[in-house]
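To start, the structure itself, in structure tokens.
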2 protein chains.
Amino acid sequence: MTSETHPNAVAETAPVGFQEHDHQTCVKTALVSAEGRCKEEGLRLTPVRRKVLEMLLQEHRALGAYAILDRLRDEGFGSQPPVAYRALDFLVQNGFVHKIERLNAFVACSHPGASHSPAFMICRKCDAVAEAQSASAKGVLGAAARAAGFEIERTVVEAEGLCPDCTEKA
Amino acid sequence: MTSETHPNAVAETAPVGFQEHDHQTCVKTALVSAEGRCKEEGLRLTPVRRKVLEMLLQEHRALGAYAILDRLRDEGFGSQPPVAYRALDFLVQNGFVHKIERLNAFVACSHPGASHSPAFMICRKCDAVAEAQSASAKGVLGAAARAAGFEIERTVVEAEGLCPDCTEKA
DNA sequence: CTTGTCATGTTATTTCATATCATGTATTGC
DNA sequence: GCAATACATGATATGAAATAACATGACAAG
């Protein structure tokens, strides 16, 4: 399967936190900021990695690894799964991208640089994804973990439901 | 977020994982309780479904669908993926089993019947899984969701880290 | 120049999940 | 009881996500 049909394409007006915004600027800013951080920290934002990040910023919604791979192929990059997965690993590792476990898909980070314990809202209808802060490790779960002697290293917090748009339509 | 000034939130959250307990009894009890609830609600706890639930209760950790399938085959049930997935669907749908998104695996519910917004602690070393209550929809995330007009239907809360046992060994 | 490191390319395979159609088995309503 | 219906299962095939293993290239440090 190499064709990625765009089922419920969310048009050009992509939602961050389900809101309209100047998307081109937001993409550009994020890319520049990423480049900056990489330079600072001696990370190598290579062409593949940069492209993947750009794609995810552009889309502003979750993309599966194979959808990304298709686009990479179209742009003349390698077209085998590891190409995409390695780029994604790098981006996730360094906080530029998050994996949405519920969807087995990836989304560009909306708060680059910020201290990261992200939470997501995922629309089950249009697949739009909004990022918020979770800090859930400090709440009930954190307490339970301490009580149990469990050492939290990372948390996945994902809320599934209906975004404002889809709620209206229903 | 939900701060430590509300300790009562924690009281009910006995973390059922990572602890010794009378396992045979716990399995039996859970099975009986499940049977009861199915009878009450007119659900059909068929042999495959019962077996899958029993297996998951027995293991007391997350099992992948194909691991379950292998065991089903050994017990003389059908051995094709849909057999396992259908049983799992039923069990998840009705709250007897939870899917751990992070692991693409399934675990028996530890609080059968209880109001369900589960949270999990997953040991990255031994794959042990403990269930707690999350209530995360009421914390920061809930606030963010309300602000954004997002309607939460279900939440995935999974903490990854080291369980007490594995922490000791390290 | 050679050694080491990191990134990429490529092949193959494993693991997770679902669509589809055929068949069987319980209820239910007559 | 018995047919009609709904629900459950069996079986085949395929889709989709992820990784193992090995080879090559690019580049900096010694």
Side-chain angles (χ1 to χ4, degrees), chain A residues 1-7 38-39 41-53 56 62-94 96-107 124 127 156 158, chain B residues 35 38-39 41-53 56 62-94 96-107 122 124 127 156 158 160:
Chain A
M1 219 286 281
T2 54
S3 75
E4 207 259 326
T5 48
H6 224 164
C38 282
K39 206 160 199 177
E41 305 180 22
L43 302 172
R44 297 171 59 182
L45 191 60
T46 63
V48 210
R49 293 170 178 177
R50 194 179 189 286
K51 193 76 210 174
V52 172
L53 178 56
L56 287 172
L63 284 182
Y66 280 64
I68 289 168
L69 197 54
D70 286 345
R71 287 165 169 71
L72 282 180
R73 177 186 303 108
D74 294 346
E75 304 267 351
F77 292 93
S79 59
Q80 299 308 311
V83 174
Y85 279 103
R86 285 193 283 234
L88 288 167
D89 278 352
F90 169 86
L91 293 168
V92 168
Q93 207 76 37
N94 296 288
F96 298 117
V97 162
H98 298 297
K99 177 170 188 185
I100 307 295
E101 300 289 345
R102 186 72 222 288
L103 302 177
N104 291 326
F106 300 83
V107 71
R124 68 165 154 79
D127 275 5
V156 173
E158 297 173 2
Chain B
E35 273 163 0
C38 283
K39 208 162 198 175
E41 305 181 20
L43 302 172
R44 297 169 59 182
L45 191 60
T46 63
V48 210
R49 294 167 177 179
R50 194 180 189 284
K51 192 74 212 174
V52 171
L53 178 56
L56 286 172
L63 284 182
Y66 281 62
I68 290 168
L69 196 54
D70 286 346
R71 287 167 168 74
L72 282 180
R73 178 186 301 110
D74 295 345
E75 305 267 351
F77 292 93
S79 59
Q80 299 309 310
V83 174
Y85 280 103
R86 282 193 286 233
L88 288 166
D89 278 353
F90 169 88
L91 294 168
V92 168
Q93 207 76 38
N94 295 290
F96 299 117
V97 162
H98 299 296
K99 178 169 185 184
I100 307 295
E101 299 289 346
R102 187 71 222 290
L103 301 176
N104 292 325
F106 301 82
V107 70
I122 308 165
R124 69 166 154 80
D127 274 3
V156 173
E158 298 173 1
E160 193 181 4

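Below, chain A is the first sequence line, B the second, and so on; all start at residue 1. Reckoned from all heavy atoms, side chains included, excluding hydrogens, waters and symmetry mates.
The side chain to side chain contact (heavy atoms under 4.5 Å, CB included) test applied to A62(B) returns I100(B), L103(B), A105(B), V129(B), not counting sequence neighbours. Shown here are the salt bridge (Lys or Arg N to Asp or Glu O under 4.0 Å) partners of K99(B), two or more places apart in sequence or in another chain: there are none. Residues satisfying the side chain to side chain donor-acceptor pair (under 3.5 Å) test with E41(A), not counting sequence neighbours, are R37(A).
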Donor-acceptor list for residues 76-88 of chain B side chains, cut-off 3.5 Å, not counting sequence neighbours:
none

Show me the donor-acceptor pairs within less than 3.5 Å that the side chains of residues 42-51 of chain A make with the rest of the protein, sequence neighbours left out.
| residue | atom | partner | partner atom | Å |
| --- | --- | --- | --- | --- |
| R49(A) | NH1 | R44(A) | O | 2.7 |
| R50(A) | NE | E35(A) | OE2 | 2.6 |
| R50(A) | NH2 | E35(A) | OE2 | 2.8 |

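One can place CZ of F90(B) at 7 Å from P of dA8(D), the figure rounded to the nearest angstrom. The CZ-P distance, from R73(A) to dT8(C), rounds to 17 Å in whole Å. E41(B) has its CD atom 16 Å from the P atom of dC7(D), to the nearest Å. Atom CZ in F77(B) sits about 9 Å away from atom P in dT9(D), given to the nearest Å. Put simply, CZ on R49(B) is 11 Å from P on dC7(D), counting in whole angstrom units. The CG atom of L72(B) sits 15 Å away from the C1' atom of dA11(D) (whole-angstrom rounding). Atom CZ in R102(B) sits about 14 Å away from atom C1' in dA17(D), given to the nearest Å. Per the geometry, NZ belonging to K51(A) stands 15 Å off P belonging to dT8(C), to the nearest Å.
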Seminar exercise, completed: A correct 5'-to-3' footprint of nucleotides 13-29 of chain C, with B, S and - meaning base, sugar-phosphate only and no protein heavy atom under 4.0 Å, is ---BBBB------S---

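At a threshold of 4.0 Å, the pair E160(B)-R124(B) does not count as salt-bridged, since none of the basic side-chain nitrogens sits closer than that to a carboxylate oxygen.
Of all non-hydrogen atoms in E158(A) and E101(A), the two that sit nearest each other are OE2-N, 2.7 Å.
The stretch residues 63-74 of chain B participates, sequence neighbours left out, in these side chain to side chain donor-acceptor pair (under 3.5 Å) pairs: E59(B)-R71(B), D70(B)-R73(B).
Put simply, CG on L56(A) and CD1 on I68(A) are 4.5 Å apart, with the number rounded to the nearest 0.5 Å.
For dA11(D), neither phosphate oxygen OP1 nor OP2 lies less than 4.0 angstrom from any side-chain nitrogen or oxygen of S79(B).
In the helix from dC1(C)-dG30(D) to dC30(C)-dG1(D), the rotation axis of the first five pairs and that of the last five pairs differ in direction by 20°, rounded to 10 degrees.
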